[in-house]
Amino acid sequence: TEIDWKAYMEEVEGFANGTLDYTQLKGGTGPLVYPAGFVYIFLGLYYATDRGTDIRLAQYLFAGLYLLNLLLVFRIYCRTNKVPPYVFFFMCCASYRIHSIFVLRLFNDPIAMAILFLAINLFLEEHWSWGCLLFSLAVSVKMNILLFGPGLLFLLLQRFGLLGCITKLCICALLQVVLGLPFLLVNPVGYLTRSFDLGRQFQFKWTVNWRFLPEEVFQNRAFHVILLLAHLAGLGLFALHRWHRSKESILALLKDPAERKHASPPLTIVFVLFSSNFLGVCCSRSLHYQFYVWYFHTLPYLLWCAPTTKLAHMPKVLLLGVIELCWNTYPSTVCSSLSLHICHGLVLLQLWYGTAPPPVLHTPPPSRRPAAISKKAR
């Protein structure tokens, strides 16, 4: 249960002892590979739990985080008003894997996601600067939050134009510099390569989504490039045809909103962010068991964001159950990983066809010929 927790404590203990060279911070599972926000948060937990020895207290703290995370998620769902209430039962009570990730394993993924959901709540309240600050803080705990980045970039361009978007991005960048400054001053290259290593190799034995592939293919760089291209293509298609609903070209997003010819229709913030993240999950080089929390709480919205007939509710609940079953299969099998991809594909189809803009009706122009007059009228 405490394998990763112990490694986290060993990594932040090096920082507590005065080590500022990021390449020298290591734990039982290997070198530290998370940004500086992770170090500060788990350093606080290190001291709160008597240098990491009071695991029971840590589990109580993570149980509180779990409840706070649910509160933030429910607040988002109340604003969207899309998901039927009975689905929240499955979100709260039906996922053994999520409870394990939060309370038993004590991973950093739930902390990053809780901060992310707080940021989304701020976006919904139109507090964009504070939201960007918390978004950047979540990235500093774990980089998977960057999967929401393309959606956030689109929202910032749509809301503020290019110049306003650059201002918000500077807020994100400034926080990263401030948090990483102690390490950047000592070994900047070591900090950047360790904490933002996008090319890190994953172990085949832990993969949940690619078990049906040979290990040579799984580790092949060409396969990784194909997944990256698929991810970029998916983001491009959604940006052009599902997120962008204005009559103008998508390049009009670069203009100041007041200078655009056609006002952009109000975007569903949640739809753009959640679909951006889900596209990244579908194209991930590997999904480990703790990565389930990256998108578990977004699945109900992704399935019910489109209009649903009464008869279609049960297949969606069944789809949630199959996804849960895939994540609870340990170790993963060919069948479980294939089933997970099929479920992801069905969710993508639902997103693509269920949120398509309504067709534009072309009314025929009025005829200039005079109307015929009946003999009786004459």
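Just so you know, these numbers use all the heavy atoms, side chains as well, and skip hydrogens, waters and symmetry mates.
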Which residue in the set Leu72, Ile145, Ile41 passes side chain to side chain contact (heavy atoms under 4.5 Å, CB included) when paired with Ile115?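 Answer to the side chain to side chain contact (heavy atoms under 4.5 Å, CB included) test with Ile115 among Leu72, Ile145, Ile41: Ile41.
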Could you check if a side-chain atom of [X] sits within less than 4.5 angstrom of a side-chain atom of [Y], using non-hydrogen atoms only?
X	Y	answer
Leu124	Ile76	yes
Leu235	Phe154	no
His288	Ser286	yes
Val103	His99	no
Val281	Asn144	no
Ile101	Leu106	no
Glu125	Arg79	yes
Pro300	Leu303	no

Indicate whether any N or O donor in one side chain lies under 3.5 Å from an N or O acceptor in the other, for [X] and [Y].
X	Y	value
Ser336	Thr333	yes
Thr23	Asp21	yes
Gln24	Thr19	no
Trp294	Asn277	no
Trp327	Ser95	no

For [X] against [Y], the heavy-atom pair lying closest together:
X	Y	answer
Gly280	Leu147	CA-CD2, 3.9 Å
Phe74	Cys92	CZ-SG, 3.3 Å
Arg97	Asn328	CB-OD1, 3.3 Å
Ser332	Arg211	OG-NE, 2.9 Å
Ser284	Asn209	O-ND2, 3.4 Å
Met91	Val73	SD-CG1, 3.8 Å

Identify whether the distance between the nearest side-chain nitrogen and carboxylate oxygen of Glu10 and Arg51 falls below 4.0 Å.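 No, Glu10 and Arg51 are not salt-bridged.
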Main chain of [Y], side chain of [X]: is a donor-acceptor contact present, judged purely on distance under 3.5 Å?
X	Y	answer
Thr207	Gln203	no
Asn69	Leu65	no
Glu11	Leu25	no
Arg242	Trp352	yes
Ser276	Val272	no
Ser136	Leu133	no
Asn187	Phe183	no
Asn121	Arg75	no
His313	Pro84	no
Asp54	Leu57	yes

Criterion ring-ring contact (aromatic ring centres under 6.0 Å, His included) on Phe212 and Trp210, from CA distance to verdict: CA-CA 5 Å; Phe212 58 90; Trp210 297 114; 5.7 Å; yes
Once rounded to the nearest 0.5 Å, what's the spacing between atom [atom1] of [X] and atom [atom2] of [Y]?
X	Y	atom1	atom2	value
Ser195	Gln176	OG	CD	8.5 Å
Gln158	Ile269	CD	CD1	9.0 Å
Leu320	Leu325	CG	CG	12.5 Å
His344	Leu287	NE2	CG	7.0 Å
Arg285	Leu228	CZ	CG	9.5 Å

Hey, can you tell me if [X] and [Y] have their rings parallel, tilted or perpendicular (30° and 60° cut-offs)?
X	Y	value
Tyr301	Phe274	perpendicular
Phe291	Phe202	perpendicular
Phe42	Phe62	tilted
Phe278	Tyr295	tilted
Phe238	Phe271	tilted

Looking at Tyr86, I'd like to know if its OH atom is crowded, meaning that more than 12 non-hydrogen atoms belonging to other residues, nucleotides or ligands lie closer than 6.0 Å.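 Check passes, neighbour count above 12.
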Between [X] and [Y], is there a shared hydrophobic cluster once you connect ILVMFWY residues whose side-chain heavy atoms come closer than 4.5 Å?
X	Y	value
Ile323	Leu318	no
Trp130	Ile120	yes
Tyr60	Ile111	no
Leu163	Ile250	no
Ile226	Val217	no

Chi angles and distances behind the side chain to side chain contact (heavy atoms under 4.5 Å, CB included) call for Phe15, Leu32: CA-CA 11 Å; Phe15 173 66; Leu32 174 59; over 6 Å; no
What do the steps show when you test Val139 against Leu116 for side chain to side chain contact (heavy atoms under 4.5 Å, CB included), and what is the final call? CA-CA 8 Å; Val139 172; Leu116 182 276; over 6 Å; no
Not counting sequence neighbours, which residues clear side chain to side chain donor-acceptor pair (under 3.5 Å) with Gln350? List them please.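 Counting only residues at least two positions away or on another chain, Gln350 forms no side chain to side chain donor-acceptor pair (under 3.5 Å).
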Would you say the rings of Tyr8 and Phe38 are close, in the sense that their centroids are separated by under 6.0 Å?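 Yes, the ring of Phe38 comes within the 6.0 Å limit of the ring of Tyr8, centre to centre.
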Cation-pi geometry met for Arg105 and Trp5 (6.0 Å, 45°):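 Verdict for Trp5: no cation-pi partner in Arg105.
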Would Lys316 pass as a cation-pi partner of Trp304, given that its NZ or CZ must be under 6.0 Å from the six-membered ring centre and within 45 degrees of the axis? yes
One pair to check against ring-ring contact (aromatic ring centres under 6.0 Å, His included): Tyr77 and Phe88. What are the steps and the verdict? CA-CA 10 Å; Tyr77 276 80; Phe88 295 121; 5.6 Å; yes
Determine, step by step, whether Phe223 and Phe218 satisfy the ring-ring contact (aromatic ring centres under 6.0 Å, His included) criterion, reporting the C-alpha distance in whole Å, the side-chain angles of both residues, the deciding distance to 0.1 Å, and the verdict. CA-CA 7 Å; Phe223 175 62; Phe218 174 81; 7.2 Å; no
Worked verdict on Phe135 versus Phe123 for ring-ring contact (aromatic ring centres under 6.0 Å, His included): CA-CA 10 Å; Phe135 180 88; Phe123 294 146; 7.1 Å; no
